[in-house]
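Each remark here refers to the structure printed beneath this line.
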Amino acid sequence: MVSWRNNLNSMQEKAVTTYEGPVMVVAGAGSGKTSVLTKRIAHLILNLGVPKDAVLAITFTNKAALEMKTRLYELLEFNTHTMWISTFHSMCVRILREHIEHLDYHKHFQIVDDDDTLQIIKSLMKRHGVDAKIMAPHSIKNYVLKIKTDEARMQNLEQPMREIIEIIYPAYQKQLKDNNLVDFDDLILLTIRLLEDFPEIQKRYHRQFEYILVDEFQDTNTVQYRLIRALVNEKKNVFIVGDEDQSIYAFRGANIENIQRFKRDYHPVNTIVLEQNYRSTNTILKAANAVIKENKNRIKKNLFSTKGDGDKIVFFKAYSERDEVEYVAETIRLLVRSGIDYQSIAVLYRTNNTSRLFEEVFMQKQLPYLIYGNTSFFKRKEIKDLVAYLRLIINPHDDYSFMRVVNEPRRGIGAKTIETLSRNAEHAGLSIYETLVQDKSSLSKGVLNKINHFITLMQSLQKHFDTVHFNQFIDDLLERIGYLKMLQNDDKGDVRLENMLEIKTMFKEAENSYDVDDKTTVLLYMLEDIALKSQEEKEKDPNSVSLMTLHAAKGLEFDVVFMVALEKGIFPQHRHYDSLESIEEERRLMYVGVTRCKQQLYLTNASQRYLYGSLTQNLDTPFIQDISPTLLQLEGLNKERMKTTLRYTQDYQQTQVYKERLKAITKTNENHLDKGNKVNHKVFGIGVVVSVNNDQCVIAFSHPHGIKTLMKDHPSISKV
DNA sequence: CACCGGTTTATTTTT
DNA sequence: TAAACCGGTG
C-alpha cells in the first residue's frame, strides 16, 4: 500500500482515494489539481490493482497530457507512454483510426485545422456565388461550426444567413468527406457516432475503460460532454476536475452548464472542494477572491493559503504605453539584480498586439524574453506547404494537397484553372490526378503544358523518395520544386527554411516511435496527426521572461507577474461591455491572471496609448476597483493623482449626473432592434433591419451600400 | 495570371 | 499601425 497521506490535505486525500462512482472535484486555482489527478491514477494502479489500460484520462492540451504522463512516470516507475492519457482529440483519433471504416471513411483520413476550414468555406462561397463582402467568410465559418455541433440551431437562424448556411454547411461536409478529411469537431462527432450507433464498439470500450478522468471540465463543450457520456460504462466511475471561475473559453463553445448537467446525469455525485491554495500569498488571493466575487453565476469559493500576506500589489499608472513598458523593463532589471530569475517572471496581456512594444524594448535593453503563442509551428505556411507536398508524394489522389501546392511556388496555374480542375474531377467522381491522366481535353494548351510539367515533377519525386535517405530527399525536394529559390526573395526566407528543415528531426523521431520499417508508412503516420501536434518548445535561452496572453497563461505559475495594459476598452474589450455573460468571462480572465502569481503582482496601464495608429485615452479597467485599496501600493501617475481621483470617481458615482449618464449609456447600448426597424448608421445612412440574431443584425441600406451584417450594439447604429 | 496600390479592419484560440 | 484583401492594369 502506497501512502500519499504525508503530502496531501484531507480534501485532496479524499479526492485521490474515493474511487467508486461519479466524483466531482472543484479545484480552485493553485490547489494542487494535477497532483491529485496523477496520484489518483497511481492509487488506482498501485494500490487497487487496476490494469493501466483500464484508465482513461482526458485533458485539453498536449502539454497537460504530457505533464501528467511525466509525473505519473515518477510515481509508477513504468512506461506511461502508451497509457490512455491524452487530449480529447488524440483519443478520438486513436479510436477512429481503428474503426472509422464503419462510417465509410478511409482509415488514413487527414485532419484539417481551422485555417483550412476557412479556406474551404471561402472557396465554397465563391463557387455558390455568396458574396464575401456581404457575408464575411469568417462569420460563415463560425456559423457552420456552430451548426455542426448543434444542428437544432439551424431552426433559430435568421434569413438570409440561414439560407446561406443551408447551402454552405452541407457543401462543406461533402467537400470534407469526398476528400477524406475530418475537422476537429468531426473527430469528436464521428467518435460519438461510432459509440452510439455501433453497440459492439461501445461495449468494447466500456469493458476496457473502468475509470475515466476528465481534467479542466469547465472547458468541455456540448459534444465533448456527450462523448464522455458515451464512454462511461454502467459503473459510472467518472472523475471530473474543474473550476468554473477559470472558464475562459466560452467563446469557443465551452459550456459551464455541463457542470450542473453532470450533477443531474450522474446523480448522486460525490463533490469535493479544494480551497487551499499552495501557490500565492494571501494578499494576492484576497485580490483574486475580491475580483471573482463580483460574478453572479458561480458557486462561492474562498481561496486561502498559509503563505502569509506577502507584499502589496503594485499598481503603476504610466503616462504613455512606452513609459509603461520602460517601467516593466526597469523593474525586471531590479528584480533580477535582487536575485530573481528571468524565468520566474511573466508579462501577461489581454491581446497579442500588446506584446509588440514589449518585444521591441526588451530587445533593445537586452532582457531575455520568450513570446508564447506565436502561430503554431504546424500552422505556418511553409510547413503546411511542405506537408502538402509530402502528402501528395505519398498519395497523388490527395486533391486537397494538390490544390494547395500546384501553384506554390508560382507556376502560372491560377485560381481559375484550379477551380476548373477541381470541378472536372468532381464531375468525373475521380481525383484531380486521375482526371488529368484520363482527359486533358478541357484545358488550353498553355495551361496543359504547365500542368504536365508539375505532374512529371511529382512523379519523379515519388521515385526519388524511394531511392535516397529522407534528409537528402527533403533537400532535393525543396530545390526541385523551386521553393528554395522562392525563399531567397523572402526577407524571412532563412527562418522559413530552418522551419522546413525541422521536418527531418520529426521524421527521425517518428522512425523511432512507430514500430515500422517501411519509410512510406513512417511518413504516412507522421503526417496523419500533424494537425493535432503542438509546437515543440524552442531551444531558446530557458532563462527568459515569459510574454503571453492571459489565455495562454492558464495552468502556469510565476513568482512575479506583470499584468499590463489594464485599461477599459482593452481589458475588458469594449465589445464585451454589453452582456453580463461576456463581462463575467473577462472577469474570470482577470482572476486567472491574478492567480498565476506566487509572490509579487504588478498591475500596470497607461493614461494614453496608440491603438490602431491613433492616440486613445482609456480609463482604468474596472476590475482594479474590485480590489481593496489596502492591498494596493500606488505608483507612477497614481501616486500623485490616483488617491484623489479614486475618491473622486467613487463620489462621482453617487451623483445624479452620473446616474443619468449611466442610464443614457445603457439605453443606447440596448438598441433593441427588431425586424423592420428603421435605423441610421453613421456611415451608411438610413437602412431597414432585415433580421436580428444574437449580437448581429442584417440591415439593408440604400444604394450603393446594400445589405450589411453588423454588430447590433455598435455605437454607429441608432434607431430612427 | 501576376503585380501593384488603395482600402479596410482590428479578441481571446487548448485541438 | 500593419496586414489582409480587393480591383484594376499590363
- Result of checking A:Arg97, A:Arg94, A:Lys107 against A:Glu528 for salt bridge (charged side-chain N to carboxylate O under 4.0 Å, His left out): A:Arg97
- Item | Side-chain N or O of A:Thr549 closer than 4.0 Å to phosphate OP1/OP2 of B:dT13 | yes
- Query: Between B:dC1, B:dT12, B:dT14, which one does the side chain of A:Arg350 approach most closely?
  - Reply: B:dT12
- Item | Nucleotide B:dT13, atom C1' - distance to CZ of A:Phe378 in whole Å | 17 Å
- Message: Can you tell me if A:Tyr612 touches the phosphate of B:dT11, counting only side-chain N or O atoms and a distance under 4.0 Å to OP1 or OP2?
- Response: yes
- Distance flag, aromatic centroids of A:Phe251 and A:His551, threshold under 6.0 Å: yes
- Message: Distance check needed: B:dT11 P versus A:Asn353 CG, whole Å only.
- Response: 7 Å
- Distance in angstrom units between A:Leu227 CG and B:dT15 C1', rounded: 14 Å
- Task: Kindly say if A:Thr61 contacts the phosphate of B:dT15, meaning a side-chain N or O under 4.0 Å from OP1 or OP2.
- Result: no
- Task: Ignoring backbone atoms, establish whether A:Arg575 has a side-chain N or O less than 4.0 Å from OP1 or OP2 of B:dT12.
- Result: no
- Message: Could you check whether any side-chain heavy atom of A:Arg609 comes within less than 4.5 Å of a side-chain heavy atom of A:Ile570, counting everything from C-beta outward?
- Response: yes
- Query: With respect to the phosphate group of B:dT15, does any side-chain polar atom (N or O) of A:Asn62 fall under 4.0 Å of OP1 or OP2?
  - Reply: yes
- Query: Are A:Tyr400 and A:Phe402 close enough that their ring centres sit under 6.0 Å apart?
  - Reply: no
- Message: Which residue in the set A:Thr621, A:Val592, A:Asn295 passes side-chain contact (heavy atoms from CB on, under 4.5 Å) when paired with A:Arg587?
- Response: A:Asn295
- Is A:Phe251 stacked on the base of B:dT12, with ring centres under 5.5 Å apart and planes under 30° apart? yes
- Task: Tell me what A:Lys554 touches on the nucleic acid: a base, only sugar-phosphate, or nothing, going by heavy atoms under 4.0 Å.
- Result: nothing
- Expressed in angstrom and rounded to an integer, what is the separation of A:Glu528 atom CD from B:dT15 atom C1'? 17 Å
- Have a look at A:Thr417 and say if it touches a base, only the backbone sugar-phosphate, or nothing, with a 4.0 Å heavy-atom cut-off. sugar-phosphate
- Item | is_close_aromatic(A:Tyr369, A:Phe358), centroid dist under 6.0 Å | no
- Could you state the atom-to-atom distance from CG of A:Leu421 to P of B:dC1 in whole Å? 10 Å
- Note on the structure: Picking from B:dT15, B:dA2, C:dT1, the nucleotide nearest the side-chain atoms of A:Asn407 would be B:dA2
- Item | Of A:Lys141, A:Lys122, A:Lys384, the residue whose pairing with A:Asp116 passes salt bridge (charged side-chain N to carboxylate O under 4.0 Å, His left out) | A:Lys384
- Task: Could you pick out which residue, A:Arg410 or A:Glu216, lies toward the 5' side of DNA chain B when each is mapped onto its nearest nucleotide?
- Result: A:Arg410
- Query: To the side chain of A:Thr351, which of B:dT14, B:dT12, B:dT15 is closest?
  - Reply: B:dT12
- Query: Once you round to the nearest 0.5 Å, how far does OG1 of A:Thr117 lie from CG of A:Asp183?
  - Reply: 5.0 Å
- Message: I need the CD-C1' distance between A:Gln218 and B:dT14, as an integer number of Å.
- Response: 11 Å
Extract from the structure each pairing of a protein N or O with an N or O of nucleotides 3-6 of chain C at less than 3.5 Å, listing the distance.
residue : atom : partner  : partner atom : Å
C:dC5   : OP1  : A:Lys122 : NZ           : 3.1

- Item | Phosphate OP1/OP2 of B:dT13: any A:Asn352 side-chain N/O under 4.0 Å | yes
- Length of the line joining A:Ile570:CD1 and B:dT12:P, which is rounded to integer Å: 12 Å
- Base, sugar-phosphate, or nothing for A:Tyr249, non-hydrogen atoms under 4.0 angstrom? base
- Note on the structure: Whole-Å distance, A:Asn221 CG to B:dT13 C1', equals 13 Å
- Message: Any base atoms under 4.0 Å from A:Ile413, or only sugar-phosphate, or nothing? Heavy atoms, all strands.
- Response: sugar-phosphate
- Query: B:dT15 base to A:Arg252 side chain: any donor-acceptor pair below 3.5 Å?
  - Reply: yes
- Would you check, one step at a time, whether the test side chain to side chain contact (heavy atoms under 4.5 Å, CB included) holds for A:Phe109 with A:Ile111? CA-CA 7 Å; A:Phe109 58 86; A:Ile111 304 164; 4.1 Å; yes
- If you find the nucleotide of DNA chain B closest to A:Glu586 and the one closest to A:Ile418, which residue's nucleotide is nearer the 5' end? A:Ile418
